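See structure below.
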Amino acid sequence: MLYWAWKQWILRPGRTLLVMVVFASVLSLAMLFDGIRLGIEADMRLFPQSIEADLVAVNSGNRYFAMGPPSLSRTVLSEIRSAPGVVDAQPIALVPFILSHAGQRTPSMLVAYSQMGGPPEIIEGRAPEAAPEIVLDANLVRLHGIVLGDKIEVLGSELSVVGISTGSTSPFTPYAFV
């Protein structure tokens with residue numbers, strides 16, 4: 001194999017160099033996309049681990065705790081809450097979205113929660129109380145130039161920014177909370 005490569009280099013150095021560049025480019029792209037995939041998968045596993053709870057249950061068939069709303073009916077949720085040792089059960093949904101504001105577009109994760117799973121630390125403002133309110137991660141606020149009281153559109157709804165959180169981002173995704 002080395003003999004053949006050497007002969008190619010001697011007889012056609014330009015073509016050999018081009019082949020080497022193409023192979024290196026393909027290998028680099030494959031490694032890049034695999035790294036992104038692994039990063040996103042690790043990112044999706046971080047959120048359940050960050051919730052301050054003794055047990056976090058993920059719906060069957062939902063490996064990454066995202067990409068869909070909780071499918072537990074009220075009956076199933078009440079059965080879970082009445083099980084021995086369970087203090088409370090709070091459904092949480094994670095929905096990916098693109099935050100578009102002031103000419104910037106940022107992939108983000110919307111966390112819909114009722115009591116648990118909200119922002120870990122609010123550094124300015126307060127937690128959302130009503131449906132048209134949202135708390136954004138400090139990185140999103142800085143990137144988009146958003147201030148408390150601004151109106152932003154998320155998934156077709158206009159929401160008022162009432163809080164700024166910290167510690168609510170991961171390597172690939174900043175979070176927003178409703």
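What you see is a predicted model; the values in this text were computed from it and never measured. Worth knowing before you read on, the calculation uses all heavy atoms, side chains too, and leaves out hydrogens, waters and symmetry mates.
- Hydrophobic clustering places Leu148 together with Ile146 (ILVMFWY residues linked when any side-chain heavy atoms are closer than 4.5 Å, directly or through intermediates).
- Take Arg142 and apply the side chain to side chain contact (heavy atoms under 4.5 Å, CB included) test, not counting sequence neighbours, and it matches Asn139.
- Considering Val22, Val21, Leu29 in turn, Val21 is the only one that fulfils the side-chain contact (heavy atoms from CB on, under 4.5 Å) rule with Ser25.
- The structure places CZ of Phe177 at 7.5 Å from CG of Asp137, a figure rounded to the nearest 0.5 Å.
- The cluster map of Ile, Leu, Val, Met, Phe, Trp and Tyr, joined by side-chain heavy atoms under 4.5 Å apart, puts Leu159 and Val147 in different clusters.
- Across all non-hydrogen atoms, the minimal contact from Ile123 to Ala138 is CD1-CB, 4.2 Å.
- The salt bridge (Lys or Arg N to Asp or Glu O under 4.0 Å) contacts involving residues 146-164 comprise nothing, where partners must be two or more places apart or lie in separate chains.
- By the 6.0 Å contact criterion, CZ on Arg12 is open, its count of non-hydrogen atoms from other residues, nucleotides or ligands being 12 or less.
- Rounded to the nearest 0.5 Å, atoms CD (Glu124) and CG (Leu136) are 11.5 Å apart.
- Residues Ile10 and Leu17 share a hydrophobic cluster, clusters being chains of Ile/Leu/Val/Met/Phe/Trp/Tyr side chains in contact below 4.5 Å.
- Taking CD1 of Ile134 as the start and CG of Leu110 as the end, the distance is 5.5 Å to the nearest 0.5 Å.
- Of all the heavy atoms in Val135 and Ala127, the pair that sits closest is CG2-CA, 4.0 Å.
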List the atom pairs, with distances to 0.1 Å, where a side-chain N or O of residues 91-109 and a protein N or O form a donor-acceptor pair under 3.5 Å, not counting sequence neighbours.
unit_1: Ser100; atom_1: OG; unit_2: Arg105; atom_2: NH1; d: 3.3
unit_1: Thr106; atom_1: OG1; unit_2: His144; atom_2: NE2; d: 2.8
unit_1: Ser108; atom_1: OG; unit_2: Thr106; atom_2: O; d: 3.1

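- Shortest non-hydrogen contact noted between Pro119 and Ser165 is CB-CB, 3.6 Å.
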